[in-house]
Amino acid sequence: MLASGNGNKQTCVNNLLSIIRGEVPYDRLRGLDARIIDKPGGEADDELRQDAVWVLETYEPRAEVQQIQVTHDDAANGQFSVSAQIS
């Protein structure tokens, strides 16, 4: 998380998409579900997009999601990144 500038809508979206569910001590639902990475590629991408939309609608209602992009950085090791285009 950034020390300042956290009020910016895009910053909040980026922060939410970088959290894995269970990392926030008193809010265990915040973040993306890490169990999705064990699923087959096409199924995992669709489910990850749906999960990202749910997280953003729940925790950042100011952001209207236009598109969610899933990039496989190292698919063999389960490394991926999620980015959102918002308005």
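- Across all non-hydrogen atoms, the minimal contact from Val13 to Ala63 is CG2-CB, 3.8 Å.
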> Is there a side-chain contact (heavy atoms from CB on, under 4.5 Å) between Val24 and Ile19 once you walk through the steps?
Replying inline: CA-CA 8 Å; Val24 180; Ile19 297 171; 4.0 Å; yes

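- Distance check: Ile20 CD1 to Arg30 CZ gives 14.0 Å after rounding to the nearest 0.5 Å.
- In this structure, OG on Ser87 lies 10.5 Å from CD on Gln10, to the nearest 0.5 angstrom.
- Taking hydrophobic clusters as Ile, Leu, Val, Met, Phe, Trp and Tyr residues chained together by side-chain heavy-atom distances below 4.5 Å, Ile86 shares a cluster with Trp54.
- Looking at Asp46 and Gln50, their side chains never bring a donor and an acceptor atom within 3.5 Å of each other.
- Both Val53 and Leu48 are members of a single hydrophobic cluster when ILVMFWY side chains are connected at heavy-atom separations under 4.5 Å.
- Criterion: ILVMFWY side-chain heavy atoms under 4.5 Å apart, direct or through other members. Under it, Leu29 and Ile36 are part of a common hydrophobic cluster.
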> Passes side-chain contact (heavy atoms from CB on, under 4.5 Å), Cys12 versus Arg62? Steps please.
Replying inline: CA-CA 10 Å; Cys12 292; Arg62 298 177 298 167; 3.6 Å; yes

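- Closest approach of Arg49 to Ile68, counting heavy atoms only: NE-O, 3.2 Å.
- Nearest heavy atoms, Gly31 versus Asp51: O-OD2, 4.3 Å.
- Listed for the Arg21 side chain is no donor-acceptor partner under 3.5 Å among the backbone atoms of Leu32.
- For the pair Ser18 (side chain) and Asn15 (backbone), a donor-acceptor distance under 3.5 Å is present.
- Within the model, atoms CD of Glu64 and CG of Leu56 stand 12.0 Å from one another, a figure rounded to the nearest 0.5 Å.
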> Would Val82 and Gln69 satisfy side-chain contact (heavy atoms from CB on, under 4.5 Å), going step by step from the backbone distance to the final call?
Replying inline: CA-CA 6 Å; Val82 181; Gln69 183 174 354; over 6 Å; no

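- Proximity of a side-chain donor or acceptor of Lys9 to a complementary backbone N or O of Pro61 within less than 3.5 Å is not detected.
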